[in-house]
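Take a look at the structure below.
Here the structure is a predicted model, which means the values were calculated and not measured.
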Amino acid sequence: MIRTARVQDIEQCLSLLVKFANASIYNYADWQQEDLNNARATLLSLIKTGYLKVIDLDGVIVGMIGAQTESDPWIRRRRRIRELFWWVEPEYRSTRHSVELFKCWQTDASRWIEQGLADQVSLSTQPGGSQIDLNKGGWQCVEQHWIKG
């Protein structure tokens with residue numbers, strides 16, 4: 001079932017967030033207690049005022065997508081909803097649950113734009129990380145990020 005995350009989901013979401021971060025090229029494998037506490041606070045903020053949807057399979061969270069609203073740095077009146085993380089446990093990535101999570105995000109993104117709540121909604125993927133053809137959903141690749149570290 002796809003649903004909005006609840007406060008009691010924070011520890012499961014934190015576990016998935018750590019997996020997401022560790023799988024990224026940023027090399028986040030050195031989480032300290034302060035980092036975990038900050039991540040908990042950010043997840044709580046997303047639950048209360050942002051966007052955090054989860055895949056809940058009988059009380060076990062196996063995927064999530066989180067986003068926040070931000071102002072465009074150049075034109076302040078423009079609002080963007082920026083995806084911060086999109087993680088589905090590898091064994092669930094090619095399942096209907098994963099597709100339902102993406103469809104929920106797609107529907108919400110379209111609604112935000114139609115209702116004037118956002119001028120843009122962004123979604124990022126890691127290289128090789130998505131089997132979904134985003135072009136079919138109206139997404140447009142604008143730029144690529146290159147990381148040196």
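Taking the six-membered ring for Trp, F20 and W86 have ring centres at least 6.0 Å apart. Side-chain rings of Y92 and W87 stay apart, their centers remaining 6.0 Å or farther from each other.
The pair R78-D119 fails the salt-bridge criterion, with no side-chain N (NZ, NE, NH1 or NH2) lying under 4.0 Å from an Asp/Glu carboxylate O. Salt bridge annotation for D72-R80: present, with a cationic side-chain nitrogen under 4.0 angstrom from a carboxylate oxygen.
Neither side chain, N38 nor E34, offers a donor N or O lying under 3.5 Å from an acceptor on the other.
The line from CD1 of I55 to NE2 of H97 is 7.5 Å long, rounded to the nearest 0.5 Å. Taken to the nearest 0.5 Å, the CD1 atom of I81 stands 9.0 Å off from the OH atom of Y51. Distance check: W112 CH2 to T107 OG1 gives 10.0 Å after rounding to the nearest 0.5 Å.
Q120 places none of its side-chain heavy atoms less than 4.5 Å from the side chain of R82.
Listed here is the closest heavy atom pair of I61 and Q12: N-OE1, 2.7 Å. Between L14 and A39, the closest heavy-atom pair is CD1-CB, 3.6 Å. Smallest separation of non-hydrogen atoms from C13 and L52: SG-CD2, 4.3 Å.
Residue F102 is not grouped with residue M1 when hydrophobic side chains (ILVMFWY) are merged at heavy-atom distances under 4.5 angstrom, including chains of intermediate members. A single hydrophobic cluster is not seen to contain both V121 and I75; linkage of ILVMFWY side chains at heavy-atom distances under 4.5 Å, directly or through other members, places them apart.
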From CA spacing to verdict: salt bridge (Lys or Arg N to Asp or Glu O under 4.0 Å), R6, D9
CA-CA 5 Å; R6 302 177 190 128; D9 299 325; 5.3 Å; no

